[in-house]
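Worksheet for the structure shown next.
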Amino acid sequence: MAGTYEPPDTLTVGVLGPLTVHHAGRPAALGGPNPRAVLARLVIAGGRMVPLDLLIEDVWPEAPPPSAQITLQGYISSLRRVLEPDRRARRPASLLVRQGPGYALRLPPGALDASRFAELATAGHQLLAGALRPPAGDAPVVGVHGTGDTTGDPARAAEVLDRALAMWRGPAFADCADRPFALPEANRLRDLRIGATEDRFAAALALGSPDTAAAQLQAFTAEHPLRERGWELLALALYRAGRQGDALAALRTARERIADELGIDPGPALAALQHAILRQDPALLAPTNRAAVPVTPAPAAHNLPFPLSTLIGRGGQVAAVGELLDRHRLVTLTGAGGMGKTRLALAVALDRTGGDGPWLVELAGLHDGSLLAETVATALGIAGAGALPDVLRSRRLLLVLDNCEHLVDDVARFVTRLLGACPDVRVLATSREALRAEGEQVYDVPPLAAADAVELFVDRAAPLRGGWRPDAAERDLVARLCADLDGMPLAIEFASAQCRVLSLRQIAEHLDDRFTLLRGGRGDSRHATLLAAVDWSYDLLDADEREVFTALAVFEGSFDLAGARTVTGRPDILAVLTELVTKSLLVVERREPYRYRMLETLRRYAARRTGAADRARLVRNQITWVRELAAAADCGLRGPDGTYWMRRMHAESPNVRAALTAATDAGDLASVLRIGAGAYWFWYRRGHIAEGLRFLEPVLHLDDDHAVDHAVRAQAAVGLALLRYLDGALDGVAKALWLAARHAELTTDGPVRALVLATMSYFESFAGAVEPAREHGRQALDLARRTGARVTVAEALMSLGSAELRAGRPDLAVPLLADGLAEADEISHTWAAVSCLWLLAKAELSRDEATVARAWLVRMIELTYASEDATSWLVGVATYAYVRCRTGDPAGAAELCGSVRWLGDRIGYSPEAMDPDLAGYAAEIAGHLPPVRHAAALERGRGRSQEEVMARMRRSW
């Protein structure tokens, strides 16, 4: 009999999953995608010759390389070694042979798993069919479908079909699924597999296992709703299990689905079966006398659907959740809608098919919690909810409860009772919020990592674009697109589906209207569109949660608890935030202090739900909050908490930017000035030059009749001068200082006037105007001491030291700078300390004391690195490079220059453009090396991160 022969002991080729070749059970290495494609194409030809030009077209469908023919011959040679490893040199190949203008693959009988599967599936079908016995009545029910009983051998058929179905390792030709030539054969084999699965269900029915068959057939018809035979088998199984009403309901669902999807009426077999059920035809019942047939019940393995596509980027999560299930009996996967909770749960469950499970129970369509136990019992094929604890008490299984968020209280009670009564049952739940049941372990399903998100997009888009392989520029665009979609698998799959009608750039351009663009097709209505997925979550919120959820859309990026309380105006914000986090509508960033973030897709949805009047009120609140934040930062950045405020302002940068933009658009220039006056110090130290100039430049030339305090204008002008200094626009520095001095004269704010004078002194010394620099520096120092502005005392001493250094008197500069450093250290004014350290190093270099200068620079660089002061760090490294050159290592110095230039380019800042001394240092370093060696050293320094540069420098300290 065809279904009994075993695979040969030598060569086997597998295509029922990823392509494999085995010799005596040992796997052979096939190489990359293209050699696999060649082998798959020849397998599909079934021994017929495939012309060389057709092989080239199938391997490189878009643009074959010029060397395609030579490369293909190389693939053929390597495949011959794989297929016939013992073939002697110069002996002709006997399997992969040259034939006419092409090649043919002549596999021995039984070597191909697809052929063995087809023979076993046919044998199982024939064993099952036997001599069919029609029921009494007017219309045949069983017919060629074989949904009734047979006089064949169902036990033997079940054995043969189990062997056939066990050969599948995944979708046919899985690693060539994006190749057009593989699709017809893969689809043919898939249809054979589905037919064999239906035959196996029919065998289970014939062997008297209607409960098990019904549970499995419910999952099967959900996965294959247009297969009429599956519905017939399901209805018959339900009828034989004593559930006549459910059987008729299944037939009604079948008619509706087929009519909706195909616009046609089902075949006559469904109607005939319905009539037979209505009149309770005795022929529908299983035979009572089976003495002649050995009864072997079909194994109740599981009811999980087989995946139809590859699971990408979740390997680590599958392992992590599996480990949680090993240690705990209740694990809940939480996350926003579309994050892939169900797919992850099924992947975990498919790894745990031992014992009596796993079993999937889909709850999305259940809206009455009182029917929960009955729904679970039905899925498991157990007669009645009351029997659940007794039946499961002695069973070892995993129960997957999918989509619990709308029934969390009912599910929590049910699971608690079930696990308390059944010691060997485990539950894996998926929900947009935790069940909060005793013993529950919550696993928050994360977005896909950047690389995995790109892989998912390409995997799903490739078949729609004829085996598309993105180039580097396209991959970059896909990466940006996936990042904008929050790494959400559902959104990425929807976006990739648009590749059929839109280019990548068009998809990216339409993401502003993502809820119109991103939609799937038929299937679960909750996930038919991205909008429906989020609607499902929003509809589960109460009134307070909806109000806060939509209000939080005003934040860009993340926000903290105080910001949320101020902007929403709700003193109870913590309680509502907690619920939104629990329901996966907010993400917690767990670093001290905790911050909260809304996925961009959810934020855009919430913004759509916010009325114009509410939006305007929230924006005004946000502007007020950012003004207060900037005022606090102005002081905090110059004190002992400077590092905290650098990090805080970095985290709040998107919100500061949003408030400045909104205030500018509204003509609220007073707010722009007040925010800029407090934020410029952060912009200066982090190198956000373009952003600071963008907001400060337009508002500093306002007429005096604008109601903005002159002290604020003076501070903002100082910020403008500093940013222009970093930008290398030295002519603009003088204009900004003139504005600062003008407004300082009109204010009685002593600390602000001292700040302006100290800043003027520094830049005057920089320009070589030593006497004015000394005069303004002394005035600043005196005024700062009288008003208690110790921050400016340190800066004034630094400016006076700079003036003496510019005057060529380092011996006078050093004590002034040392006093400034001591003052800065005492009040933890990091920037003033850093500036004094840098100027001290320059002073020692001018006295030819490179070793002393190195010590000052080491401290400066460590301090700027710890305080996240990007611009001053680059200045310190550039100066340290010069010290390296002066102490005999010009090549190492040039490498550091390369790192400084590369890292500076990333934030739009050049130390050499800012300071002529640094430009001179760089030129001197270049002069110590031949041009080719200098260029090579610069190139070696490029591409290194700040952390790598620090590690390299520390090894030399």
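Along the sequence shown, residues carry numbers from 1.
You'll find the side chain of Trp856 stays beyond 4.5 Å of the side chain of Leu845, heavy atoms only. The side-chain heavy atoms of Arg724 and Glu697, taken from C-beta on, include a pair separated by under 4.5 Å. The shortest side-chain heavy-atom distance between Tyr865 and Glu947 falls under the 4.5 Å cut-off. Tyr880 is not listed as a side-chain neighbour of Met860, based on a closest heavy-atom distance of 4.5 Å or more. In this structure, Leu800 and Leu781 have side chains that are in contact, with non-hydrogen atoms separated by less than 4.5 Å. Contact annotation: the side chain of Thr747 never approaches that of Glu745 to less than 4.5 Å [non-hydrogen atoms, C-beta and beyond]. Side-chain contact check for Thr566 versus Thr624: every heavy-atom pair is 4.5 Å or farther apart. Contact check for Glu795 versus His829: side-chain heavy atoms found under the 4.5 Å cut-off.
Between Ala607 and Ala553, the shortest heavy-atom distance links the atoms N-CB, 3.6 Å. Phe549 and Leu602 get closest at one heavy-atom pair: CZ-O, 3.8 Å. Of all non-hydrogen atoms in Asp634 and Ala677, the two that sit nearest each other are OD1-O, 4.0 Å. The two residues Gly820 and Ala794 have their closest heavy-atom pair at O-CB, 3.9 Å. Counting all heavy atoms, side chain and backbone alike, Ala679 lies closest to Met649 at CB-CE, 4.1 Å. Between Arg597 and Leu599, the shortest heavy-atom contact is NH1-CD2, 3.8 Å.
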- Item | Derivation of the salt bridge (charged side-chain N to carboxylate O under 4.0 Å, His left out) call for Asp782 and Arg786 | CA-CA 6 Å; Asp782 178 62; Arg786 283 192 287 112; 3.1 Å; yes
- Intermediate values then yes/no, salt bridge (charged side-chain N to carboxylate O under 4.0 Å, His left out), Arg952 and Glu948: CA-CA 6 Å; Arg952 286 174 176 270; Glu948 290 172 318; over 6 Å; no
- Derivation of the side chain to side chain contact (heavy atoms under 4.5 Å, CB included) call for Glu775 and Glu771: CA-CA 6 Å; Glu775 178 61 25; Glu771 286 306 322; over 6 Å; no
- Determine, stepwise, if the pair Leu739 / Arg713 fulfils side chain to side chain contact (heavy atoms under 4.5 Å, CB included). CA-CA 8 Å; Leu739 279 171; Arg713 292 194 184 197; over 6 Å; no
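Legend: salt bridge (charged side-chain N to carboxylate O under 4.0 Å, His left out) pairs involving residues 620-630, not counting sequence neighbours: none detected. Residue pairs meeting the salt bridge (charged side-chain N to carboxylate O under 4.0 Å, His left out) criterion with at least one partner in residues 897-909, sequence neighbours excluded, are Arg901-Glu912. Identified under the salt bridge (charged side-chain N to carboxylate O under 4.0 Å, His left out) test for residues 816-829, with sequence neighbours left out: Arg790-Glu823, Arg790-Glu826, Asp825-Arg859. For the ring pair (Phe, Tyr, Trp, His ring centres under 6.0 Å) condition, the pairs that include at least one residue of residues 615-645, sequence neighbours left out, are Phe555-Trp625. The ring pair (Phe, Tyr, Trp, His ring centres under 6.0 Å) analysis of residues 754-784, with sequence neighbours excluded, yields the pairs Tyr725-Phe763, Tyr725-Phe766. Applying the salt bridge (charged side-chain N to carboxylate O under 4.0 Å, His left out) test to pairs two or more places apart or on separate chains, those with a residue in residues 644-662 are Asp560-Arg648, Arg595-Glu652, Arg647-Glu868, Arg648-Glu652, Arg657-Glu691.
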Show me the side-chain donor-acceptor pairs of residues 914-923 shorter than 3.5 Å, one per line, residues at least two apart or across chains.
{"residue": "Asp915", "atom": "OD2", "partner": "Lys842", "partner atom": "NZ", "Å": "3.4"}
{"residue": "Asp915", "atom": "OD2", "partner": "Asp917", "partner atom": "N", "Å": "3.0"}
{"residue": "Asp915", "atom": "OD2", "partner": "Leu918", "partner atom": "N", "Å": "3.1"}
{"residue": "Asp917", "atom": "OD2", "partner": "Lys842", "partner atom": "NZ", "Å": "2.8"}

Donor-acceptor contacts under 3.5 Å from residues 748-756 side chains, at least two apart:
{"residue": "Asp749", "atom": "OD1", "partner": "Val752", "partner atom": "N", "Å": "3.2"}

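For Trp681, the CH2 atom sits in a packed shell: over 12 heavy atoms of surrounding residues, nucleotides or ligands are nearer than 6.0 Å.
Listed by chain and number, the residues in a salt bridge (charged side-chain N to carboxylate O under 4.0 Å, His left out) with Arg884 are Asp889 (sequence neighbours excluded). A search for side chain to side chain donor-acceptor pair (under 3.5 Å) contacts involving Trp838 returns Thr879, not counting sequence neighbours. Arg847 is linked by a salt bridge (charged side-chain N to carboxylate O under 4.0 Å, His left out) to Asp811, Glu844, counting only residues two or more places apart in sequence or in another chain. In this structure, the side chain to side chain donor-acceptor pair (under 3.5 Å) partners of Arg944, at least two apart in sequence or on a different chain, are Glu895.
Arg694 contributes atom CZ, which lies 8.5 Å from atom CG of Leu660 (distance to the nearest 0.5 angstrom). Here the CG-CG distance, from Leu720 to Asp727, works out to 10.5 Å after rounding to the nearest 0.5 Å. Leu637 CG to Ser867 OG: the interatomic distance, rounded to the nearest 0.5 Å, is 10.5 Å. The distance from atom OG of Ser671 to atom CD of Gln622, rounded to the nearest 0.5 Å, is 11.5 Å. Annotation: the span from Trp902 atom CH2 to Leu938 atom CG amounts to 14.5 Å, rounded to 0.5 Å. For the atom pair CZ of Arg686 and CD1 of Ile907, the computed distance is 9.0 Å after rounding to the nearest 0.5 Å.
When only modelled atom types and interatomic distance are considered, Thr864 and Ser872 share no side-chain donor-acceptor pair under 3.5 Å.
With hydrogens and angles ignored, the 3.5 Å screen pairs a side-chain donor or acceptor of Thr610 with a backbone N or O of Thr550.
Using bins of under 30°, 30° to 60° and over 60° for the plane-to-plane angle, the ring pair His650/Phe682 lands in the tilted bin.
For Tyr680 and Trp683, the ring centers sit 6.0 Å or farther from each other.
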